[in-house]
A.B. asks: 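Encoded as structure tokens, here's the structure I'll be asking about.
When reading the values below, keep in mind they use all heavy atoms of this one structure, side chains included, and skip hydrogens, waters and symmetry mates. This structure is a prediction, so every number in the text was calculated from the model and none was measured.
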Amino acid sequence: MKITFLGTGTSQGIPMIANNEPVCLSEDPKDKRLRSSIMISWGDVQYIVDCGPDFRQQMLRENVQSIDGVLFTHEHSDHTAGIDDLRPFTYQMGEVPVYASERVIENLKIRFAYIFATENRYAGAPRLQENLVPKDLFELNGVKVTPIEVMHGSLPILAYRFGDVAYITDLKTISDHEKQKLVNLDILIVNALRIAEHPTHLNLEEALAFVKEINPKRAYFSHISHRLGFHAEVEKTLPENVFLSYDGLQITV
Ligand SMILES: [Zn+2]
Ligand SMILES: [Zn+2]
């Protein structure tokens with residue numbers, strides 16, 4: 001299984017528009033972060049988790065020639081605003097399968113009404129095949145996928161476990177019941193926003209405590225803001241099995 005970090009930044013990315021704080025001015029490529037998303041591949045299939053406003057740029061940068069579907073964690077724009085750019089894949093496949101909770105699909109139907117229209121459809125709109133994520137384990141091309149409900153402040157959202165790899169973004173809290181789905185992980189990818197506390201995201205200290213509790217073989221932090229600090233400096237402070245992700249990073253398990 002191969003994971004490609006398409007983007008590792010928080011909702012506004014790094015650098016942030018009209019912001020001159022030190023990390024936004026950094027020339028280290030690892031301090032430039034597009035909106036968070038991963039591509040997860042096995043055999044000859046690849047799925048995308050979330051499709052934010054930088055999706056087009058991410059597909060071009062990684063030279064992605066085909067995808068097998070998109071799984072959404074939640075409806076926020078930094079995770080969904082690139083949906084129109086699925087169009088080139090719909091030319092290849094007819095319909096791109098998308099997976100989301102019922103609430104997220106309903107939200108997308110309001111915000112992207114032209115994509116889901118059944119009458120007088122604009123011929124240029126992307127064609128998506130809607131799939132509701134089941135409550136429990138499901139299978140995608142031979143890999144078991146476990147949806148995990150996490151709390152993004154007061155909003156329940158989804159995380160996904162693919163085999164022994166879990167991708168969790170925008171987490172603030174998680175129930176003990178859902179934590180049970182995270183035992184024996186090879187790789188845990190989880191959000192670590194910044195140093196200061198935040199009402200809807202884990203900060204660095206909380207993310208480290210979460211990793212300690214879940215105890216995966218390796219952990220990678222993502223959904224990072226410029227207020228976490230410079231990549232190179234923060235990474236030096238982390239335990240030996242914990243890393244900051246960066247755009248373009250690929251890991252294999
Ligand atoms: Zn987000
Ligand atoms: Zn969010």
A.B. asks: For Thr252 and Arg218, which heavy atoms make the closest approach, and how far apart are they?
C.D. replies: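 Smallest interatomic distance, heavy atoms only, reads O-NH2, 3.7 Å.
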A.B. asks: Please check if the number of heavy atoms outside Glu102 that lie under 6.0 Å from its CD is greater than 12.
C.D. replies: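 It does not: Glu102 CD has 12 such atoms or fewer within range.
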A.B. asks: From Leu208 CG over to Asn203 CG, what is the distance, rounded to the nearest 0.5 angstrom?
C.D. replies: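 Interatomic distance, Leu208 CG to Asn203 CG, rounded to 0.5 Å: 9.0 Å.
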A.B. asks: Looking at Gly7, is its backbone amide N or carbonyl O close enough to the side chain of Ser37 to form a donor-acceptor pair, meaning the two atoms are under 3.5 Å apart?
C.D. replies: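 Not a single qualifying donor-acceptor pair exists.
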A.B. asks: Which heavy atom of Ala192 sits nearest a heavy atom of Ile224, and at what distance?
C.D. replies: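 Nearest pair, atom of Ala192 first, then Ile224: O-CG1, 3.5 Å.
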A.B. asks: Side chains of Arg103 and Glu106: does their closest heavy-atom pair fall under 4.5 Å?
C.D. replies: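 SC-SC contact between Arg103 and Glu106 ruled out.
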A.B. asks: Would you call Ile187 and Pro216 a side-chain contact if the rule is heavy atoms closer than 4.5 Å?
C.D. replies: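 Answer no - side chains too far apart.
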A.B. asks: For the pair Ser175 and Glu149, evaluate side-chain contact (heavy atoms from CB on, under 4.5 Å) and give the outcome as yes or no after the intermediate values.
C.D. replies: CA-CA 8 Å; Ser175 70; Glu149 189 182 271; over 6 Å; no
A.B. asks: For Lys179, check side-chain contact (heavy atoms from CB on, under 4.5 Å) against everything at least two apart and list the hits.
C.D. replies: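 Only Ile174, Asp176, Glu213, Ile214 meet the side-chain contact (heavy atoms from CB on, under 4.5 Å) criterion with Lys179.
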A.B. asks: Should we count NZ of Lys109 as having more than 12 external heavy atoms under 6.0 Å?
C.D. replies: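 Yes, enclosed.
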A.B. asks: What's the separation between atom CG in Leu193 and atom CG in Leu228, rounded to the nearest 0.5 Å?
C.D. replies: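 These two atoms lie 8.0 Å from each other.
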A.B. asks: Does Asn191 use its side chain to pair, donor to acceptor, with the backbone of Leu171 at less than 3.5 Å?
C.D. replies: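 A pair under 3.5 Å: yes.
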A.B. asks: Do other residues, nucleotides or ligands put more than 12 heavy atoms under 6.0 Å from Leu60 CG?
C.D. replies: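 Count over threshold, so yes.
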A.B. asks: So do Tyr99 and Leu158 actually touch side chain to side chain, heavy atoms under 4.5 Å?
C.D. replies: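 A side-chain contact under 4.5 Å is absent here.
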A.B. asks: Which residues pass the salt bridge (charged side-chain N to carboxylate O under 4.0 Å, His left out) test with Asp136, not counting sequence neighbours?
C.D. replies: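 Expected list: none.
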A.B. asks: Tell me whether Tyr246 shares a hydrophobic cluster with Ile40, the cluster being built from Ile, Leu, Val, Met, Phe, Trp, Tyr side chains joined at under 4.5 Å.
C.D. replies: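 Tyr246 and Ile40: one cluster.
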A.B. asks: Going hydrophobic residue to hydrophobic residue with side-chain gaps under 4.5 angstrom, can you get from Leu185 over to Val211?
C.D. replies: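 Leu185 clusters together with Val211.
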A.B. asks: Please determine whether the number of non-hydrogen atoms from other residues, nucleotides or ligands lying under 6.0 Å from atom OH of Tyr122 exceeds 12.
C.D. replies: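 Incorrect, the count does not exceed 12.
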A.B. asks: Carefully, step by step, assess Asp170 and His76 under the rule side-chain hydrogen bond (donor to acceptor under 3.5 Å, both in side chains).
C.D. replies: CA-CA 10 Å; Asp170 295 54; His76 288 165; 4.6 Å; no
A.B. asks: Any side-chain heavy atom of Ile3 within less than 4.5 Å of one from Tyr220?
C.D. replies: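 No; the side chains remain at least 4.5 Å from each other.
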A.B. asks: Check the pair Glu235, Lys30 against salt bridge (Lys or Arg N to Asp or Glu O under 4.0 Å), reporting the backbone distance first and the verdict last.
C.D. replies: CA-CA 11 Å; Glu235 192 152 74; Lys30 291 181 180 170; 5.8 Å; no
A.B. asks: With a cutoff of under 4.5 Å between side-chain heavy atoms, which Ile, Leu, Val, Met, Phe, Trp and Tyr residues group with Met93?
C.D. replies: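 Members other than Met93 - counting any ILVMFWY side chain reachable under 4.5 Å - are Leu6, Met39, Ile48, Phe55, Met59, Val64, Ile67, Val70, Phe72, Ile83, Leu86, Phe89, Val96, Val98, Val104, Leu108, Phe112, Tyr114, Ile115, Phe116, Leu128.
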A.B. asks: Please indicate whether Arg127 has more than 12 foreign heavy atoms, meaning atoms of other residues, nucleotides or ligands, lying under 6.0 Å from its CZ.
C.D. replies: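 12 or below, so no.
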A.B. asks: Any donor-acceptor pair under 3.5 Å linking the side chain of Arg161 with the backbone of Asp164?
C.D. replies: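 Looks like no, no N/O pair under 3.5 Å.
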A.B. asks: Just to verify, what does Asn241 make a side-chain contact (heavy atoms from CB on, under 4.5 Å) with, not counting sequence neighbours?
C.D. replies: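 Only Pro239 meet the side-chain contact (heavy atoms from CB on, under 4.5 Å) criterion with Asn241.
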A.B. asks: Of the options Phe221, Phe210, Tyr167, which is the one that meets Leu188 in a side chain to side chain contact (heavy atoms under 4.5 Å, CB included)?
C.D. replies: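 When side chain to side chain contact (heavy atoms under 4.5 Å, CB included) is applied between Leu188 and each of Phe221, Phe210, Tyr167, only Phe210 qualifies.
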A.B. asks: Only counting residues at least two apart or in another chain, list the ones meeting side-chain contact (heavy atoms from CB on, under 4.5 Å) with Thr237.
C.D. replies: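 Partners of Thr237 under the side-chain contact (heavy atoms from CB on, under 4.5 Å) test: Val234.
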A.B. asks: Same cluster for Leu155 and Ile148 if Ile/Leu/Val/Met/Phe/Trp/Tyr side chains link at under 4.5 Å?
C.D. replies: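 Linked within one cluster.
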A.B. asks: For Lys172, check side chain to side chain donor-acceptor pair (under 3.5 Å) against everything at least two apart and list the hits.
C.D. replies: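 Partners of Lys172 under the side chain to side chain donor-acceptor pair (under 3.5 Å) test: Glu206.
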A.B. asks: Out of curiosity, Phe138 CZ to Leu71 CG, how far, rounded to the nearest 0.5 Å?
C.D. replies: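 So the CZ of Phe138 and the CG of Leu71 are separated by 5.5 Å.
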A.B. asks: Suppose we screen for side-chain contact (heavy atoms from CB on, under 4.5 Å). Which residues come up paired with Val45, at least two apart in sequence or across chains?
C.D. replies: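 Here the qualifying residues are Trp42, Tyr47, Asp68, Asn141.
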A.B. asks: Please list, chain by chain and in numerical order, all residues satisfying side chain to side chain donor-acceptor pair (under 3.5 Å) with Ser26, sequence neighbours excluded.
C.D. replies: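 Side chain to side chain donor-acceptor pair (under 3.5 Å) check on Ser26 returns Asp31.
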A.B. asks: Mind checking who shares a hydrophobic cluster with Leu34, ILVMFWY linked at side-chain heavy-atom distances under 4.5 Å?
C.D. replies: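 Members other than Leu34 - counting any ILVMFWY side chain reachable under 4.5 Å - there are none.
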A.B. asks: Can you give me the closest heavy-atom contact between Arg194 and Ser225, atom names plus distance?
C.D. replies: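 Taking Arg194 first and Ser225 second, the nearest heavy atoms are CB-OG, 3.9 Å.
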A.B. asks: Output the distance between atom CD1 (Ile189) and atom CZ (Phe5), rounded to the nearest 0.5 Å.
C.D. replies: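 Interatomic distance, Ile189 CD1 to Phe5 CZ, rounded to 0.5 Å: 3.5 Å.
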A.B. asks: Is the shortest heavy-atom distance from the side chain of Ser41 to the side chain of Met1 under 4.5 Å?
C.D. replies: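 When only atoms from C-beta onward are counted, Met1 and Ser41 do not touch, as no gap falls below 4.5 Å.
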A.B. asks: Below 3.5 Å, can you tabulate the donor-acceptor pairs from side chains in residues 8-15 to any protein atom, sequence neighbours excluded?
C.D. replies:
unit_1	atom_1	unit_2	atom_2	d
Thr8	OG1	Arg33	NH1	2.9
Thr8	OG1	Asp247	OD1	2.6
Thr10	OG1	His223	ND1	3.3

A.B. asks: Working to the nearest 0.5 Å, report the span between CD of Glu178 and OG1 of Thr173.
C.D. replies: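 So the gap between those two atoms works out to 11.5 Å.
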A.B. asks: Do the side chains of Tyr160 and Ile38 join up, straight or via other hydrophobic residues, at under 4.5 Å, putting them in one cluster?
C.D. replies: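 Yes, one cluster joins them.
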A.B. asks: Does any pair with a residue in residues 17-28 pass salt bridge (charged side-chain N to carboxylate O under 4.0 Å, His left out), and if so which ones, sequence neighbours excluded?
C.D. replies: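 Residue pairs with at least one partner in residues 17-28: Glu21-Arg227.
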A.B. asks: Please determine whether the number of non-hydrogen atoms from other residues, nucleotides or ligands lying under 6.0 Å from atom CD of Glu95 exceeds 12.
C.D. replies: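 Enclosed: over 12 neighbouring heavy atoms sit under 6.0 Å from CD of Glu95.
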A.B. asks: Could you grab the distance from atom CG of Asp50 to atom CZ of Arg35, nearest 0.5 Å is fine?
C.D. replies: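 These two atoms lie 12.5 Å from each other.
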A.B. asks: For Asn131, which residues count as a side chain to side chain donor-acceptor pair (under 3.5 Å) partner, sequence neighbours excluded?
C.D. replies: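 Gln129.
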A.B. asks: Between His79 and Ile157, is a side-chain contact (heavy atoms from CB on, under 4.5 Å) present by the stated rule, with each step listed?
C.D. replies: CA-CA 12 Å; His79 300 263; Ile157 66 171; over 6 Å; no
A.B. asks: State yes or no: do Val165 and Phe243 share one hydrophobic cluster built from I, L, V, M, F, W and Y residues joined by side-chain heavy-atom distances below 4.5 Å, directly or via other members?
C.D. replies: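 The answer is yes; both residues are in one hydrophobic cluster.
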A.B. asks: Any sub-3.5 Å donor-acceptor pair from Gln92's side-chain atoms to Gln65's backbone N or O?
C.D. replies: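 Pair found, side chain donor or acceptor close to backbone of Gln65.
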